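In what follows, a structure is listed as structure tokens, so that the remarks can point back to it.
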Number of protein chains: 2
Amino acid sequence: MMNYTTLLKEYDLKVTPQRVAIVEELYTNGHMNIDDLYKKLLAKFPSISLATIYKNVNAMIEKVFLNEVKIPNAKSVYELVKDEHSHLVCSSCGKIEDIELDVSSLVKQASTSKNYTINQTSIVFAGLCPACSK
Amino acid sequence: MMNYTTLLKEYDLKVTPQRVAIVEELYTNGHMNIDDLYKKLLAKFPSISLATIYKNVNAMIEKVFLNEVKIPNAKSVYELVKDEHSHLVCSSCGKIEDIELDVSSLVKQASTSKNYTINQTSIVFAGLCPACSK
DNA sequence: CTCTGTGCAAAGCGTTTGCAAACGA
DNA sequence: TCGTTTGCAAACGCTTTGCACAGAG
């Protein structure tokens, strides 16, 4: 069980029911795009505005509490910030999964060969999920 | 030396001066966003329209001649399609470099552990380029 | 009580579309 | 010549902004 109120406070964000709901949805669903979020929150707050979603998502990104994931051929999704991980996207049903991979040797390879100081790695695999593979 | 006219024909795209210029710019610069392209082409075609850039870029993507690269915290860039490779982005100067890495073990790891049929991998490293590292 | 967040409507911005004229094959 | 592309202007969709009111601390 997760305490979303405490979590918001830890990131210096005032607690409002709308914010709690956003965090709750993201915690439950893992990744959502703006529209998914809006539709979900509409059920709880019939008069919520898209502007509220945008303002809050942006505020949470600002506080490094949320993270935008850009996905080839799809809308960006947002997720709660956590340990570095990669993403698997099903090109058939759109499902997105996290996967933890050891990318250290890859990063080392890249930074060495091109002389870069790498501090972020974004990896997205596209393919078919188990269900859609059949 | 590259023959852009022949290249366009190979991809079933009618040859126009604007298209030749787009391919030429991308061939020369590697990666460009829409605005970069527009500004460059304006020099050669003072009355070119942004709509022309968009229509052509989209037509070329359709023919799998061009490829969109989505980059965290930056505009998408476009590149000529070629062998699979990853990208290094300098978060200070914005420079983008290609890098060829062996990602087969990573792909195998991901597909095995999550039971996905992976057919595309997008890897973007962010950091500081050699010049900006100093 | 004060400051921030919410919801609404309007504005903004990047991208797409429709159309007449120009152009490529 | 015929079908496609170009450039322009208008339309579109997503995101942001300004403002009055409501709510959090």
Side-chain angles (χ1 to χ4, degrees), chain A residues 3-26 32-63 65-78, chain B residues 3-25 32-63 65-78 94:
Chain A
N3 189 332
Y4 307 118
T5 296
T6 309
L7 210 48
L8 281 166
K9 283 180 185 157
E10 279 171 12
Y11 283 89
D12 278 312
L13 291 158
K14 286 208 172 174
V15 178
T16 68
Q18 291 87 340
R19 287 183 175 171
V20 171
I22 289 174
V23 180
E24 185 178 5
E25 287 298 337
L26 289 176
M32 300 177 85
N33 63 39
I34 294 289
D35 235 56
D36 293 341
L37 259 177
Y38 180 53
K39 283 177 190 139
K40 278 287 194 178
L41 289 230
L42 262 184
K44 271 181 200 157
F45 309 93
S47 67
I48 199 173
S49 142
L50 252 180
T52 300
I53 307 284
Y54 278 109
K55 284 172 187 169
N56 283 326
V57 165
N58 288 337
M60 292 176 188
I61 289 175
E62 194 87 9
K63 300 286 188 185
F65 177 36
L66 248 56
N67 183 29
E68 177 182 358
V69 185
K70 290 196 179 183
I71 296 172
N73 314 309
K75 294 181 191 166
S76 286
V77 295
Y78 301 87
Chain B
N3 188 332
Y4 308 118
T5 297
T6 310
L7 211 48
L8 281 166
K9 284 180 184 159
E10 277 171 14
Y11 283 89
D12 277 313
L13 291 159
K14 282 205 174 174
V15 178
T16 68
Q18 291 88 338
R19 287 184 175 169
V20 171
I22 289 175
V23 179
E24 185 177 4
E25 286 298 336
M32 301 177 86
N33 62 38
I34 294 289
D35 236 54
D36 293 340
L37 258 176
Y38 180 51
K39 281 176 192 139
K40 278 288 193 174
L41 289 230
L42 261 185
K44 270 183 202 157
F45 308 93
S47 67
I48 199 172
S49 143
L50 251 181
T52 299
I53 307 282
Y54 278 110
K55 285 172 188 168
N56 283 326
V57 165
N58 288 338
M60 291 175 188
I61 288 174
E62 193 88 10
K63 300 286 187 183
F65 177 36
L66 247 57
N67 184 29
E68 177 183 359
V69 184
K70 290 196 178 183
I71 296 172
N73 314 310
K75 295 182 192 164
S76 286
V77 295
Y78 300 86

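These numbers were taken from a predicted model, which means no experiment stands behind them. Every chain is numbered from 1, with letters handed out A, B, ... down the list of sequences.
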Whole-Å distance separating the [atom1] atom of [X] from the [atom2] atom of [N]:
{"X": "Ile61(B)", "N": "dT16(C)", "atom1": "CD1", "atom2": "P", "answer": "9 Å"}
{"X": "Leu50(B)", "N": "dG7(D)", "atom1": "CG", "atom2": "P", "answer": "11 Å"}
{"X": "Lys9(B)", "N": "dT4(D)", "atom1": "NZ", "atom2": "C1'", "answer": "15 Å"}
{"X": "Leu13(A)", "N": "dT4(C)", "atom1": "CG", "atom2": "P", "answer": "13 Å"}
{"X": "Leu42(A)", "N": "dC8(C)", "atom1": "CG", "atom2": "C1'", "answer": "14 Å"}
{"X": "Ile48(B)", "N": "dT5(D)", "atom1": "CD1", "atom2": "C1'", "answer": "11 Å"}
{"X": "Asn33(A)", "N": "dC14(D)", "atom1": "CG", "atom2": "P", "answer": "10 Å"}
{"X": "Ile53(A)", "N": "dC14(D)", "atom1": "CD1", "atom2": "P", "answer": "15 Å"}

Review point. So among Leu42(B), Leu50(B), Ile48(B), Ile22(B), which one has a side-chain contact (heavy atoms from CB on, under 4.5 Å) with Leu37(B)?
Key: Ile22(B)
Study note, to complete from the structure: The residue, Arg19(A) or Ala51(A), whose nearest nucleotide of DNA chain C is more 5′ is Arg19(A)
**Study point:** Minimum-distance nucleotide to Lys14(A) side chain [options: dG18(C), dC19(D), dG5(C)]
**Key:** dG5(C)
**Study point:** Options dC8(D), dT6(C), dT5(D), nucleotide nearest the side-chain atoms of Gln18(A)
**Key:** dT6(C)
Check your understanding: Got Val15(A) and Tyr4(A) here, is their nearest side-chain heavy-atom distance under 4.5 Å?
Key -> no
Practice item. State, with a plain yes or no, whether a side-chain heavy atom of Met60(B) is found less than 4.5 Å away from one of Leu8(B). Key: yes
Exercise for review: Taking salt bridge (Lys or Arg N to Asp or Glu O under 4.0 Å) as the test, write out the residues that go with Asp36(A), two or more places apart.
Suggested key: none
Review point. How would you label the contact of Pro46(B) with the nucleic acid (heavy atoms, under 4.0 Å): base, sugar-phosphate, or nothing?
Key: nothing
Exercise for review: For Ser47(B), answer base if it contacts any base atom (sugar-phosphate contacts may also be present), sugar-phosphate if it contacts only those atoms, and nothing otherwise; contact means non-hydrogen atoms under 4.0 Å.
Suggested key: sugar-phosphate
Review point. Hey, is the side chain of Lys55(A) pairing donor to acceptor with the base of dG7(C) inside 3.5 Å?
Key: yes
Check your understanding: Is the CD atom of Glu10(B) crowded by more than 12 outside heavy atoms at less than 6.0 Å?
Key -> yes
For [N], take OP1 and OP2 only and decide whether either is under 4.0 Å from a side-chain N or O of [X].
{"X": "Thr16(A)", "N": "dG5(C)", "answer": "no"}
{"X": "Ser49(A)", "N": "dC8(C)", "answer": "no"}
{"X": "Asn56(B)", "N": "dT6(D)", "answer": "yes"}

